[in-house]
Amino acid sequence: MPRYHELLASLRSAFPQPVSDPVHDGYVVFSILRALDQVDALKSQAPVLGEAVEPDYERAREFRLDEVGRPLEAVIPKLVRTLQGMFIWGHPRSQINVVPNPTIASIIGYLLPLIYNPNLVSEESSRLFAEAEVRVAAMLADLVSYEPEKARGLFTFGGTGTFLYGVKVGLEKACPGAGRSGLREDAVIIASDQSHYGCWTVASWLGIGQDNVLRVPTNLDNSIDLEALEALLGDSIRSGRKIAAIVATMGSTDAFGIDDLQAIIAIRDRLAAEFKLSYRPHVHADAVIGWAWSVFNDYSFLDNSLGFRGRTVRALAAAHHRMQHLKLADSVGVDFHKTGYVPYISSLVLFANGEDLGLIARQRNSMPYLFQSGDHHPGMVTLETSRAAGGVMAAMANLLLLGKEGYRALLGHAVEMAEVLREGIESHPNLTVLNGDNVGPVTLFRAYPDHVNTFTVKDRERTDSTMRDELRAYNDYNRRIFQRVQTEALSGQGVVLSLTDCYRHTDYGEPMVALKSYVLSPFTDDGRMQSMIQHVLAARSEAMKGNAAGGGWMSA
Ligand SMILES: *Cc1c(COP(=O)(O)O)cnc(C)c1O
């Protein structure tokens with residue numbers, strides 16, 4: 001027998017069997033269980049798995065492919081090792097960022113296509129998975145009140161991908177033929193200064209150019225300044241530039257700022273008419289975070305049947321008030337992997353008018369090896385050729401599992417916990433909330449030394465340029481507090497928070513650092529939120545001591 005035949009025999013057992021073999025199926029499932037079992041050994045009460053190990057990139061670069069492979073049993077521990085020190089996003093003391101913990105249903109949703117490997121490029125290679133994508137898109141179109149008969153949606157490689165689709169279609173509307181013959185005109189993307197940096201990525205990759213992303217100032221609630229938007233839009237049109245897209249940020253990354261989409265649409269329509277534009281500038285709603293609030297579109301805040309507290313109802317209703325207008329946008333980006341409790345990556349871009357996608361379709365004859373049968377071929381328009389179905393199935397799983405009510409309870413709880421935190425912070429003299437009128441699950445706050453009046457300091461810091469040195473010193477102070485909290489957290493104590501280097505720029509151009517709590521975990525409760533404040537205060541005391549020892553870090 002040739003040597004390779006022996007190898008092949010053992011390699012065959014490394015695959016799930018193509019025909020029924022219950023004993024081997026047991027081996028597959030048990031191998032997965034073994035891996036999970038080894039992960040379980042890393043769990044404790046701490047918000048991280050095992051012990052924090054610092055990544056060693058030097059050593060990592062020295063890795064080489066072995067001549068001879070090893071058995072599955074030996075591979076599993078090597079894989080599980082990766083989880084050492086990994087954050088447990090769903091831990092009640094973990095409030096790091098907009099990263100959810102996935103449900104069991106969404107994990108199974110992801111797992112099935114991993115085994116059977118559909119490719120969403122076409123129904124030929126994905127069968128009912130292709131239909132599942134259409135189902136999820138239809139559910140979401142209905143959720144945001146698009147006309148389901150006209151709307152179309154595609155899953156793509158992330159929120160940035162949804163952005164790319166929106167702007168790509170908008171660019172083709174503004175500069176017809178750009179996809180074919182290249183961009184020959186000056187085109188701009190207009191977005192707020194709180195919009196995601198994905199704007200720049202997209203501008204760069206589409207050849208629009210990063211310098212052609214025009215950033216509009218924001219109001220103190222982090223929503224776009226409408227007058228400034230109108231002025232900038234008018235100027236751009238007058239100077240002969242094409243509007244590739246106007247981006248409405250529907251839930252900003254750091255502060256959950258929500259633009260007034262209805263007003264943006266009105267401005268767009270007014271200027272398109274006034275300047276007799278040959279195209280209607282495309283409005284893309286970057287709702288990768290905010291989309292989930294659409295589940296409140298038909299919730300009666302008056303009856304409040306789920307029993308949220310007054311402050312929570314007010315916050316949810318305020319977010320809903322803006323989010324209900326998503327239906328007015330030409331396209332909407334949705335990340336299930338942010339506020340949808342689904343694993344990465346699960347991103348959907350929806351178009352109000354599915355025919356818009358025709359603008360970016362390829363010619364069929366350019367893809368000779370595909371589409372031999374069937375007539376549903378998303379690959380005619382998608383950026384990707386191969387497209388995994390995991391994101392679709394995970395999203396589907398959660399939509400079925402949770403329904404609108406489940407999502408309302410999860411998001412409502414997150415917002416309620418953020419409200420508890422804000423109350424706690426506001427009642428402490430050394431802490432202050434920066435995004436006080438915020439209506440989402442994220443709280444940005446700062447700590448100050450004892451002598452500082454926290455009622456007035458944040459406004460002075462923001463507006464008074466003579467405060468520059470103090471502002472910088474308080475930035476450092478909060479960075480140090482964060483370091484302490486972080487070090488404690490990685491050793492299994494305390495809470496995991498995050499830090500943003502620039503919550504906003506001050507009026508005189510300095511970045512304001514903020515501690516950040518992003519609550520998504522359904523496992524958090526009132527007590528946990530209170531203890532979080534205690535941890536921050538303890539870290540604050542330590543930071544104060546450090547200063548005294550270091551010999552005065554600030555000339556007061
Ligand atoms: C996270 C985020 C993005 C980018 O989405 P990814 O899924 O991380 O690619 C875009 N816009 C906003 C507002 C975001 O928060």
Side-chain angles (χ1 to χ4, degrees), residues 89 95-100 102 106 110 140 144 153-168 189-206 210 213 215-216 218 221-224 245-261 264 283-294 319 322-323 326 329 331-350 383-384 387-388 390-392 394-395 411 414 435 438-442 444 498 500-504 514 516-520:
W89 308 112
Q95 300 166 21
I96 307 175
N97 223 327
V98 53
V99 185
S106 70
Y110 228 108
L140 261 289
V144 303
L154 290 166
F155 275 74
T156 184
F157 60 85
T160 303
T162 66
F163 228 139
L164 188 66
Y165 272 91
V167 178
K168 171 82 178 154
I189 300 174
I190 300 185
S192 86
D193 63 17
Q194 290 288 315
S195 65
H196 193 265
Y197 67 81
C199 277
W200 285 314
T201 311
V202 166
S204 159
W205 285 64
L206 286 179
Q210 296 187 17
V213 176
R215 307 259 281 177
V216 181
T218 43
D221 68 358
N222 297 299
S223 68
I224 196 165
I246 303 166
V247 174
T249 303
M250 305 302 281
S252 63
T253 314
D254 267 349
F256 201 68
I258 311 173
D259 287 349
D260 184 346
L261 180 55
I264 292 175
V283 174
H284 177 75
D286 182 8
V288 298
I289 291 183
W291 68 273
W293 270 254
S294 303
R322 291 255 160 116
M323 221 58 82
L326 277 181
S331 54
V332 176
V334 168
D335 273 358
F336 292 97
H337 62 233
K338 283 198 170 151
T339 43
Y341 297 90
V342 158
Y344 292 115
I345 281 179
S346 182
S347 296
L348 170 71
V349 59
L350 282 174
L383 168 63
E384 305 95 327
R387 216 155 43 92
V392 172
L411 297 171
N435 62 339
N438 190 265
V439 295
V442 58
L444 295 150
S498 60
T500 179
D501 273 327
C502 182
Y503 150 64
R504 281 181 75 87
K516 173 170 162 185
S517 151
Y518 213 117
V519 188
L520 281 177

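FYI, side chains are in, hydrogens and waters are out, and symmetry mates aren't considered; it's all heavy atoms of this structure. All ligand and atom numbering here is 1-based and tracks the order in the structure.
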Extract all donor-acceptor atom pairs below 3.5 Å that involve side chains of residues 331-340 and protein atoms in other chains or at least two apart in sequence.
unit_1	atom_1	unit_2	atom_2	d
S331	OG	H282	NE2	2.7
S331	OG	H284	ND1	2.7
D335	OD1	G159	N	3.3
D335	OD1	S347	OG	2.6
D335	OD2	H337	NE2	3.0
H337	ND1	S346	N	3.0
T339	OG1	I289	O	2.8
T339	OG1	W291	NE1	3.3

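Contacts of S294 classified as side chain to side chain donor-acceptor pair (under 3.5 Å), with partners at least two apart in sequence or in another chain: none. Partners of D501 under the salt bridge (Lys or Arg N to Asp or Glu O under 4.0 Å) rule, at least two apart in sequence or in another chain, are R479.
Here the CG-CG distance, from L348 to L154, works out to 8.0 Å after rounding to the nearest 0.5 Å.
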Show me the short polar-atom pairs for ligand 1: any N or O of it lying under 3.5 Å from a protein N or O, with distances only.
unit_1	atom_1	unit_2	atom_2	d
ligand 1	5 (O)	G159	N	3.4
ligand 1	5 (O)	D335	OD2	3.4
ligand 1	5 (O)	K338	NZ	3.4
ligand 1	7 (O)	G159	N	2.7
ligand 1	7 (O)	D335	OD2	2.7
ligand 1	7 (O)	H337	NE2	2.8
ligand 1	9 (O)	G159	N	3.0
ligand 1	9 (O)	T160	N	3.1
ligand 1	9 (O)	T160	OG1	3.2
ligand 1	11 (N)	D286	OD1	3.3
ligand 1	11 (N)	D286	OD2	2.6
ligand 1	15 (O)	T253	OG1	2.8
ligand 1	15 (O)	K338	NZ	3.0

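The shortest heavy-atom contact between L444 and A255 is CD1-CB, 3.7 Å. Closest of all the heavy-atom pairs between G251 and F256 is CA-CD1, 4.0 Å.
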